[in-house]
Amino acid sequence: MLPYVFPGITMPELPEVENTRRYLIQAGLPGSTFTGVSVGWANALKTPPLEDFVLGLLETKVQEVNRRGKYLLFPLDPGLDPGVKSGAGTGPGTSADTGASRGAQPCAPTLILHLGMTGGLRVQPTDQAPHPMVRHTFSLYSDGEGDRELRFIDGRKFGKLWLTDNLEDVLPPLGPDPLSQDFTPDVLGRTLNHRTAPIKALLLEQSIVAGMGNLYADESLFLSGINPMRPASGLSQDELERLRGCIVTAFSNSLEAYDAARKAEWPDPPMGLHTWSIPRKDGDPCPRCSGPISGTRIRARGTYFCPRCQR
DNA sequence: AGTACGTCCTGATCGC
DNA sequence: TGCGATCAGGACGTAC
């Protein structure tokens, strides 16, 4: 049913990245210190150059695991001697000093990861055999734990790494996060107001809905009964509200499934627990009306919808 | 500004 | 049976 990605991993969209964040916290990554760094695929490292990246990470301690859209953020405690490693004058934990200029807001040095299409993270004992597609490895020291590694699995090498003390240098403009209160029909309506492109294409833009990806876009449009090829600006207020609600529902349901798995006997659930309402196969019966599902492409993305149920 | 498309990547799967 | 072509898509760069 799901498009094949790689064993144990499916396309990381918002619920998968949020699940990864919660998994990393549960695994005790916050409070762990990086004692070694291996970047196995140089193209993944966007900034800074490798040597600075490694030196900037070594002996720093992960403060917390945050998320913005599909980006994972690891603010770092530079260690015993704050100010030496980072250019920032203030110590760790100070969220932002009241710098003179707006815009460039220095923060704690922050490791940023994007899982791309086939990325996944695992915290595992060093002596556990790694997944064959581990590309990057971060050795960890954590109190009360043996030697462990944060392993970045990434089959197709679309994942990315950054180390920065200014998030705005790295992160693109991101729209509201559907798991937050900011994601209202008004905000959605305003951003789509004058856009004539197909709603499906625009839903995939991270500046409109942070964290949206191809599968959840199809799912949300199916749940809300909206044809993916409709020009975005043509959606009525009622449709916008329905769409917003279905996006939230799709994301929340998926995240609940991950939470349940993690809290039960499955502390490290693979991505892709979510079951989809709409089949991703041309001609398969629509679960609602039994008519044939249409498969097409919008902006070169596989798109599945029910022509009868989605007007 | 808004829209569309090519590019990067690998391995499962399809067709011959 | 084997081998080459095709397909999958997030984000970015570029062109129109």
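Note on naming: letters A, B, ... go to the chains in the order of the sequence lines (proteins, then strands), and numbering restarts at 1 for each one.
With rounding to whole Å, A:I199 atom CD1 is found 15 Å from B:dG2 atom P. Counting to the nearest Å, the C1' atom of C:dG10 and the NZ atom of A:K160 are 7 Å from each other. Counting to the nearest Å, the P atom of C:dG10 and the CG atom of A:L203 are 12 Å from each other. Rounding to whole angstrom units, OH of residue A:Y304 and P of C:dG9 are separated by 7 Å. One interatomic measurement links the two molecules: NZ of A:K281 to P of C:dC7, which rounds to 16 Å at whole-angstrom precision. Going from atom CG of A:D218 over to atom C1' of C:dA8 covers 13 Å, rounded to whole Å. Per the geometry, CD1 belonging to A:I208 stands 13 Å off C1' belonging to B:dA1, to the nearest Å. We find that CG of A:D282 is positioned 16 Å from C1' of B:dC14, with the value rounded to whole Å.
The number of heavy-atom neighbours closer than 6.0 Å to CZ of A:R68, taken from other residues, nucleotides and ligands shown, is 12 or below.
A search for side-chain hydrogen bond (donor to acceptor under 3.5 Å, both in side chains) contacts involving A:Q310 returns nothing, not counting sequence neighbours.
Among the heavy atoms of the strands lying under 4.0 Å from A:K70 are primed sugar atoms or P, OP1, OP2 only; no base atom is included.
Stacking of A:K46 on the aromatic ring of A:W162 is not recorded, the 6.0 Å distance cut-off and the 45° axial limit not both being met.
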Subject >> A:F305 and A:F222: CA distance, side-chain angles, deciding distance, ring pair (Phe, Tyr, Trp, His ring centres under 6.0 Å) verdict >> reply: CA-CA 6 Å; A:F305 69 105; A:F222 176 74; over 10 Å; no
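Put simply, the side chain of A:T118 gets close to the backbone of A:R156: a donor and an acceptor are under 3.5 Å apart.
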**OP:** Encode nucleotides 3-9 of chain B as B, S and - characters from 5' to 3', where the letter depends on protein heavy atoms closer than 4.0 Å: B to the base, S only to sugar-phosphate, - to neither.
**Re:** SB---BB
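Note on A:R311 versus A:E239: no salt bridge recorded, every NZ/NE/NH1/NH2 to OD/OE distance being 4.0 Å or above.
Look at A:Q206 and you won't find any side-chain N or O under 4.0 angstrom from OP1 or OP2 of C:dG10.
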